[in-house]
Amino acid sequence: MDLGVHVIEPSGILDGTQTNAFRQQVNVALEKGIKVLLIDLKDITFVDSSGLGVLVACLKNARTAGAKMYVCSINDQIRMLFELTSMDRVFEIFEDRAAFDAAVVK
């Protein structure tokens, strides 16, 4: 069974300069009818408040489109930001792609 998992791998710093391009990638995937979206943050070194905001907006868009959005491979800075803002309770976060595959892509 193909779950239609679509992986987006932003890189560098997820801040105000990156948010529009990131949101566009997510919207294009959702418009194609993707049902499972994995945001792999392994190449993201830093997330600021606008980066966090775009992740939340994309999660809402995914839910509206009937899709599930997951996050994996966050570094310590991102984990701390998620915990400080309680986003660790909003997003389903996996250690890495393998953990996601084991839990979701059965």
Checklist entry - Same hydrophobic cluster for Phe91 and Val54, using side-chain heavy-atom links shorter than 4.5 Å among ILVMFWY? => result yes
Checklist entry - Is the side chain of Asn75 donor-acceptor paired with the backbone N or O of Thr45 at a distance under 3.5 Å, no angle test? => result yes
Checklist entry - According to a 4.5 Å side-chain heavy-atom criterion applied to Ile, Leu, Val, Met, Phe, Trp and Tyr, with indirect links allowed, do Phe22 and Ile13 form part of one hydrophobic cluster? => result no
Checklist entry - Has Glu95 got more than 12 heavy atoms of other residues, nucleotides or ligands less than 6.0 Å from its CD? => result no
Next on the checklist: Quick one: does any side-chain atom of Ser50 pair with a main-chain N or O of Gly16 as donor and acceptor, under 3.5 Å?
Outcome noted: yes
Checklist entry - Side-chain contact, heavy-atom cut-off 4.5 Å: Pro10 with Asp43? => result no
Next on the checklist: Whether the side chain of Gln18 engages the backbone of Ser11 through a donor-acceptor N/O pair (distance < 3.5 Å, no angle test) should be reported.
Outcome noted: yes
Next on the checklist: Name the residue from Leu14, Val26, Thr19, Val90 that meets the side-chain contact (heavy atoms from CB on, under 4.5 Å) definition with Leu55.
Outcome noted: Leu14
Checklist entry - Closest approach of Arg23 and Cys58, non-hydrogen atoms and distance? => result CA-SG, 4.0 Å
Next on the checklist: Looking at every non-hydrogen atom in both residues, tell me the closest pair between Arg97 and Cys72 and how far apart they are.
Outcome noted: N-SG, 4.0 Å
Checklist entry - Do Ile34 and Val71 belong together in a cluster built from hydrophobic side chains that touch within less than 4.5 Å? => result no
Checklist entry - Would you say Met87 and Met69 are hydrophobically clustered, going by side-chain heavy atoms of ILVMFWY under 4.5 Å? => result yes
Checklist entry - Which heavy-atom pair separates Val47 from Leu52 by the least distance, and what is that distance? => result CG1-N, 3.5 Å
Checklist entry - Do Asp40 and Phe100 have side chains that get closer than 4.5 Å, going by heavy atoms? => result no
Next on the checklist: Applying the side-chain contact (heavy atoms from CB on, under 4.5 Å) criterion to Leu37, which one of Val7, Ile8, Asn61 satisfies it?
Outcome noted: Ile8
Checklist entry - Minimum heavy-atom separation for Leu81 to Asp48, with atom names? => result CD2-O, 4.3 Å
